[in-house]
Amino acid sequence: MANDRLRALEDVEREIAVVLQCAGNVVLELSKEKHNASFLDRQLSQFTSSINRVESELSSQIRYLTQVATGQPHEGSTYSARKDCQMALNRAEYARVKLGELGRTCEIMLDPQT
């Protein structure tokens, strides 16, 4: 799962390079005295589709990270289970301490020497 996410981010990186290349081509074409309209249209189309793919994939990655950060169950993570286990251990330790205090209080109250 993590490898898939990394590969998707690498694809986004390549797509961003395409976006920059298209933008550079458009600027270069517009700097010419006479523009090639069909070339500009192709570059604009490629630029737009690449931007849409980048936006879509980054939104997907953000949704995944939001899910992970909020502790919701998701594929491939043990964070929620580890967190639940740690909380249970903390509650058990608290109960042990309180039972020890209660035991000492009972011993004091039942001890006839005091």
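This one's a predicted model, so the numbers in the text were calculated from it and none came from an experiment. Values below: every heavy atom of this structure, side chains too, minus hydrogens, waters and symmetry copies.
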Inset, instruction - Determine, stepwise, if the pair L9 / Q61 fulfils side chain to side chain contact (heavy atoms under 4.5 Å, CB included). - result: CA-CA 8 Å; L9 288 173; Q61 294 284 340; 3.8 Å; yes

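- Looking at every heavy atom in both residues, N36 comes nearest to S38 through OD1-OG, 2.9 Å.
- With values rounded to the nearest 0.5 angstrom, S50 atom OG is found 9.5 Å from Q43 atom CD.
- To the nearest 0.5 Å, atoms NE2 (H35) and CG (D41) are separated by 12.0 Å.
- R96 has a carboxylate O that lies under 4.0 Å from a charged side-chain N of E93, or vice versa, which qualifies the two as a salt bridge.
- Looking at T48, its side chain does come within 3.5 Å of a backbone N or O of L44 through a donor-acceptor pair.
- In this structure, CD on E15 lies 11.5 Å from CD on E13, to the nearest 0.5 angstrom.
- Note: F47 CZ to N25 CG = 11.5 Å, rounded to the nearest 0.5 Å.
- Between M87 and N90, some side-chain heavy-atom pair lies under the 4.5 Å cut-off.
- Separation of atoms CZ (R63) and CG (L58) is listed at 10.5 Å; rounding is to 0.5 Å.
- Under the 3.5 Å distance criterion, the side-chain polar atoms of S31 are matched with a main-chain donor or acceptor of L28.
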Legend entry - Derivation of the side chain to side chain contact (heavy atoms under 4.5 Å, CB included) call for Q86 and K83: CA-CA 5 Å; Q86 186 60 49; K83 182 177 157 188; 5.9 Å; no

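- Residue pairs meeting the salt bridge (Lys or Arg N to Asp or Glu O under 4.0 Å) criterion with at least one partner in residues 17-38, sequence neighbours excluded, are E29-K32.
- Side-chain atoms of S59 come within 3.5 Å of backbone atoms of E55 as a donor-acceptor pair (strictly under, hydrogens ignored).
- Note that the CG atom of D11 and the CZ atom of R14 stand 4.5 Å from one another [nearest 0.5 Å].
- Within the 4.5 Å cutoff, side-chain heavy atoms of R42 are placed close to those of F39.
- Enclosure of atom CD in E101 by more than 12 non-hydrogen atoms of other residues, nucleotides or ligands within 6.0 angstrom is indicated.
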